[in-house]
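Each ligand, and each atom within it, is numbered from 1 in the order the structure gives.
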Amino acid sequence: MEKAWWKESVIYQIYPRSFCDSNGDGVGDLNGIRSKLDYLQKLGINVIWLSPIYKSPNDDNGYDISDYQDIMDDFGTMEDFDALLKEAHEHGIKIVMDLVVNHTSDEHKWFVESRSSKDNPKRDYYIWREPKNGKEPNNWGSCFSGSAWEYDEKTNMYYLHCFSKKQPDLNWDNEKVRDEVFSMMDWWCKKGIDGFRMDVISMISKVPGLPDGNQSEGALYGDLSNTTNGPKVHDYLQEMRKQVLSKYDLITVGECAGVTIDEAKKYANLDGSELNMVFQFEHTSLDYENGGKWTTKRFNLPELKENLSKWQYELEGKAWNSLYWDNHDQPRIVSRLGDDSSLSAKCIATVLHMMKGTPYIYQGEELGMTNYPFRTIDDCRDIEILNAYKELVGGGYMTAEELMAGVRAKGRDNARTPMQWDKSHEAGFTTGTPWIKVNPNYTFINAKDELADEYSVFYFYQKLIGLRRKSEWSEVIVYGDYELLDKDDENVFSFTRSYGDRKLLVICNLSDRIIDYTLPLDVKEKACLISNYESSELSDEMFLRQWFAGVWEIE
Ligand code: GLC
């Protein structure tokens, strides 16, 4: 396996709106991030992925961009960005930008021109269609509820928006669009950024003719299968590789809704023709019900193990995995898979950080930050939640209580409450009023307390990161082969990693019960690398305490 810095990295995602507010307006900003670089350096990560910081009317918190080469007013200025990039580099931290090019904002100048008339030169930058029998051109539903089509009176046509109606989809089949995107990317690369996280990049190529999506019984709209992994997506990414990516030493990860193993082998092929790795969504959909996310259903461990292991085995030697539990679109893993306790946070972290692939940590995950106890829809800010409420509760498909239970379990706002820095006013996030409420548990889950406690979740993450990045076991952890043990065990997630003649054994009890565990291998323990309990000796018969996690080098 060829070695590469991006395979050896640990990436930390910042959602700037909720990270640190330097000017008291209640919204996080670039100077806030600058003030926390020492903290991130101490944690030990070497790459930051910044969620979008570009000019935006904020219909979807910056994922609706109105100018790719300017900074959102809430977040600061281009000078602030340049200073952040420089200081991050001085801290040994690289910066990955979010690249949102499946769509723009409807306030982007390209769209303003495009919608102005049918013969505007930019008309074909977006996807316009005539009404069909006086209605939408097809049955596609938007990811944020409602139809994926918006009628525009001026020209009596519809435009496509797979997300909100303020996020019109770009037409990637138009060569001019691709050239504009590539030259914008090149401009950022010349500035010295270190990579791109590509937002819903699997959706840029639509099936010609835009045929109806599959519509299951009772569903209000058809799905977006004809916009995911479309016929030209790999051509376009290979073109992007040739025109831009190949000229720089970057890290690239594609957010690939609907990606299968076979598709991932193309997107993240080790031959380097497209991207370094993809974010897949199979494991984060295992606690959905009938395809829907507004449910309190929990993961079933054997299913979760099977899925994660499938990705480990099948990409081996062919493509590279990304490893994540949390991001700005997911509920907090310590609530989702754990029981909000710091022990469970450490146990769940051990599973992920001992697997093969590049791990991602989402802000606050390293503190064990939990889901938020949203009571009513007024507590929520996310467009996905607000639209779902209107459609599902408004339409009588769910009661408000049912939807709110789903929101507490799965809603994106769980990830977006402000970072909990200390016990002071608004958790030290802002001196003003935060744009979304701080989780009331900041009085006992916060960075300051954890930095003062050597047994905190923070230091556990620091240790996991250190083991991967800078220890005598680094090669095994980064490059070793993965093998799942005890696949049917309903409580324990155990596996080995082997590299040359070295081998690690990982055992994690993902339950709040004491488990009587028979070691599935005949082993001699050489060293315990890490554990969330003080006593962590291997023996043939073990009592695994609640949320126990241990990693050993074995013979
Ligand atoms: C991606 C982003 C999400 C955003 C959507 C539309 O899934 O992660 O936050 O809402 O794309 O850009």
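Between the side chains of Thr417 and Asn439, no donor-acceptor pair is found at a separation under 3.5 Å. A donor-acceptor contact under 3.5 angstrom links the side chains of Tyr63 and His328, judged on distance only.
Judged as a salt bridge (Lys or Arg N to Asp or Glu O under 4.0 Å), the pairs with a partner in residues 221-240 (not counting sequence neighbours) are, in order, Arg178-Glu239. Among residues at least two apart or in separate chains, salt bridge (Lys or Arg N to Asp or Glu O under 4.0 Å) pairs with a member in residues 193-215 are Asp98-Arg197, Asp169-Lys206, Arg197-Asp199, Arg197-Glu255.
Near ligand 1, Asp60, Tyr63, His103, Phe144, Phe163, Gln167, Arg197, Asp199, Val200, Glu255, His328, Asp329, Arg412, Arg416 each place a heavy atom less than 4.0 angstrom from the ligand.
Under 4.0 Å is where a charged nitrogen must lie from a carboxylate oxygen, and between Glu113 and Arg123 no such pair does.
For Lys135, the salt bridge (Lys or Arg N to Asp or Glu O under 4.0 Å) test picks out no residue, with sequence neighbours left out.
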